[in-house]
Amino acid sequence: MTTFAPPRGMRDFYPEDFRARDALFSAWRETARLHGFEEYDAPVVETMELLERKAGEEISDQIYTFVDKSDRRLALRPELTPSLARMIIARQGALSFPLKWSAIGQCFRYERMTRGRKREHYQWNLDIVGEESVLAEAEVIGAAVAALRRLGLSANEFQVRVGSRAVLAELFARSGIGQEHFMACCLALDKRGKISDDEVARLLEEEGLATRDIERVFELLAITTLDQAAAAVGADSAALAQIRELFSLAGPLGFAPFLTFDLAVIRGLGYYTGIVFEAFDTAGKLRAIFGGGRYDSLLSNLGGQKMPCVGLGFGDVVVMELLADCGKLPATARRVDFAIGFMDDPSRDLALRAALAVRAAGKSCDLALAAEKPKKFFARADRAGALHAIYIGPDEVQSGTFSIKPMDDRRPWTASLDSFAERLAGPA
RNA sequence: GUGGGUAUAGCUCAGUUGGUUAGAGCGUUGGAUUGUGGCUCCAAAGGCCGUGGGUUCGAGUCCCAUUACCCACCCCA
């Protein structure tokens, strides 16, 4: 039996859905433009070779893979960063750095679905390639915050938590905890607030940590301020100095109220090397809104020249859930400047000429495709969100004039085809 | 992957201890109104009651399986 639902985890965008999506994309695009990012694009299909080299084998079972008719191993991209890296490396000698690139791309992951997670989503990426300064992090985070503010969200509704894998690694090293336990400790930190401390301790015990080390981990869990971190890691820590600088840059860039220091932000596995960050709704109901960080080794790992990079990914699903929860979904009413209809076939010619005049003036026009009774035409014009309606019948054809009716009940006005075109071209 | 819940019209949902021809609101279409939308009134269309089996004289209703969706956990950008 055929089904008319899209495949699991995939989405249809009916026109009303598309308008909402377009409003989000517009906020992303306009924000990227305001921050001086150039837009690029890459194919949805990439080679498995590229994706494997970056991620290792462990996530390959979450990638949509297939073999093409020439036995190439291909995949639907799970994220945009590998494609970006590939494009950068391909022209590494020709591009001038640092560069700031932006993309909106559809990405796929074969995972279990929960709220805010589908098997397909659109992700806005911002990347700065070739800049060591923390100002790169500040620009990227500032842009993402600006996009959320443009969508109507405030510091009451979301916060960007900033951590540093480098700082965390220094803390663990100074505490004498073995490098081999680093990831397990990160997982424990990641669970802070979700399960009880006793359960965290049990997890660490299972990992094989000594009781003394577990106590140390809990001391690190208590660190919530930069000053506490400084006391633990030492005032001369370069990694900590970078975080401090990020916070000081956030002031003049206008997003300091959105930043929170949080060592628990580690961004799971992967290629991040320094500062990492994630934005969350303050209610704590949703997954991360956006996340990213510094990945200084990715280009060299892929075979390019080593080059410092900062980037973030910002998906469409979670932010739309948050906007819905806050009652701040963008208004997406259908809009068209003019609706034009006609009563019978002899009236059609004049209607078509009026539509041509409207479109020539750069205004949008929904032209009726068949003769309609006035009642039906005006009802349709209303539903289409037309600002003005023009209805042509025998009377109009005979007089050579027609009336332009504002649908919001302002007074209609009458014009010939020529005077109508003239007025459209004018400052009205 | 584990546990729980749900599945009836395009949407949101009723549907009595199992009993005739399965309902409402919204939406859609048509009419009231043969040259003017919204408001009102009338009417129509629209259903394999998720799917497959079972119990029964009889199943939307009870049982089993299956699929999909929702919630929590697990995992994770």
Side-chain angles (χ1 to χ4, degrees), chain A residues 1-12 14 16-17 51 54-56 58-63 77-82 105 107-125 183 186-187 190-191 194-195 199 203 265-272 276-280 285-293 295 311-318 321 339-344 347 366 368 371-399 402-410 412:
Chain A
M1 170 182 160
T2 61
T3 173
F4 297 101
R8 184 166 170 75
M10 307 291 170
R11 295 172 293 169
D12 290 323
Y14 285 84
E16 63 269 27
D17 309 317
L51 303 174
K54 199 220 77 183
E58 67 263 10
I59 67 161
S60 58
D61 60 333
Q62 290 191 341
I63 297 179
R77 63 184 174 197
E79 56 169 331
L80 291 167
T81 307
C107 301
F108 300 83
R109 283 180 83 106
Y110 192 89
E111 327 183 73
R112 216 167 312 288
M113 290 172 55
T114 62
R115 185 180 184 197
R117 182 169 59 179
K118 314 253 175 217
R119 289 181 173 178
E120 154 271 320
H121 73 164
Y122 287 88
Q123 190 178 75
W124 181 41
N125 266 48
M183 275 313 295
C186 286
L187 287 175
D190 194 39
K191 287 182 170 49
K194 298 194 84 176
I195 62 178
E199 287 175 281
L203 285 174
V265 173
I266 56 166
R267 297 293 288 166
L269 58 98
Y271 42 82
Y272 291 112
V276 287
F277 50 87
E278 287 182 330
F280 289 92
K285 288 284 152 201
L286 301 169
R287 294 161 51 76
I289 304 164
F290 67 78
Y295 52 100
L312 70 77
F314 185 149
D316 68 321
V317 178
V318 174
E321 296 265 7
I340 298 181
F342 51 95
M343 183 177 288
D344 50 23
S347 309
D366 181 34
E372 297 168 301
K373 292 178 180 178
K375 177 185 168 63
K376 186 174 177 185
F377 165 71
F378 283 101
R380 208 168 51 78
D382 187 45
R383 257 181 288 127
L387 300 176
H388 308 276
I390 297 172
Y391 186 68
I392 309 290
D395 294 350
E396 285 76 15
V397 173
Q398 189 180 8
S399 70
F402 48 81
S403 102
I404 295 90
K405 173 180 174 165
M407 294 298 282
D408 61 0
D409 283 344
R410 298 198 318 271

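Below, chains carry the letters A, B, ... as their sequence lines are ordered, and counting in each starts from 1.
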Considering every strand and a 4.0 Å limit on heavy-atom distances, what is the contact class for [X]: base, sugar-phosphate, or nothing?
X: Arg380(A); answer: nothing
X: Gly313(A); answer: nothing
X: Lys405(A); answer: base

Distance check, [atom1] atoms only: [N] and [M], in whole angstrom units.
N: C49(B); M: A44(B); atom1: C1'; answer: 22 Å
N: A22(B); M: G3(B); atom1: P; answer: 38 Å
N: C74(B); M: C11(B); atom1: C1'; answer: 34 Å

Return the value, rounded to whole Å, for the distance between atom [atom1] of [X] and atom [atom2] of [N].
X: Asp408(A); N: G37(B); atom1: CG; atom2: C1'; value: 12 Å
X: Met343(A); N: U36(B); atom1: CE; atom2: P; value: 8 Å
X: Phe280(A); N: C76(B); atom1: CZ; atom2: P; value: 14 Å

How is the base pairing of RNA chain B summarised as a dot-bracket string, given the Watson-Crick and G-U wobble criteria with both distances under 3.5 Å, [ ] for crossing and | for another strand?
(((((((..((((.....[...)))).(((((.......))))).....(((((..]....))))))))))))....
Parallel, tilted or perpendicular for Trp124(A) and Phe314(A), by the 30°/60° rule?
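Ring orientation of Trp124(A) relative to Phe314(A): tilted.
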Does the pair Asp316(A)/Arg11(A) count as a salt bridge with the N-to-O cut at 4.0 Å?
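Yes, Asp316(A) and Arg11(A) are salt-bridged.
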Between [options], spot the one nearest the side chain of [X], thanks.
X: Lys376(A); options: U36(B), C75(B), G30(B); answer: G30(B)
X: Ala379(A); options: G31(B), G35(B), G37(B); answer: G37(B)
X: Arg117(A); options: U33(B), C75(B), G35(B); answer: C75(B)

Distance-only donor-acceptor test (3.5 Å): side chain Arg109(A), base C76(B):
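Result: no qualifying N/O pair found.
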Side chain of Glu396(A), base of G35(B): donor and acceptor closer than 3.5 Å?
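Such a pair is found, so the answer is yes.
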Can you tell me how far apart CZ (Phe280(A)) and CZ (Arg287(A)) are? Round to the nearest 0.5 Å.
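The CZ atom of Phe280(A) sits 9.0 Å away from the CZ atom of Arg287(A).
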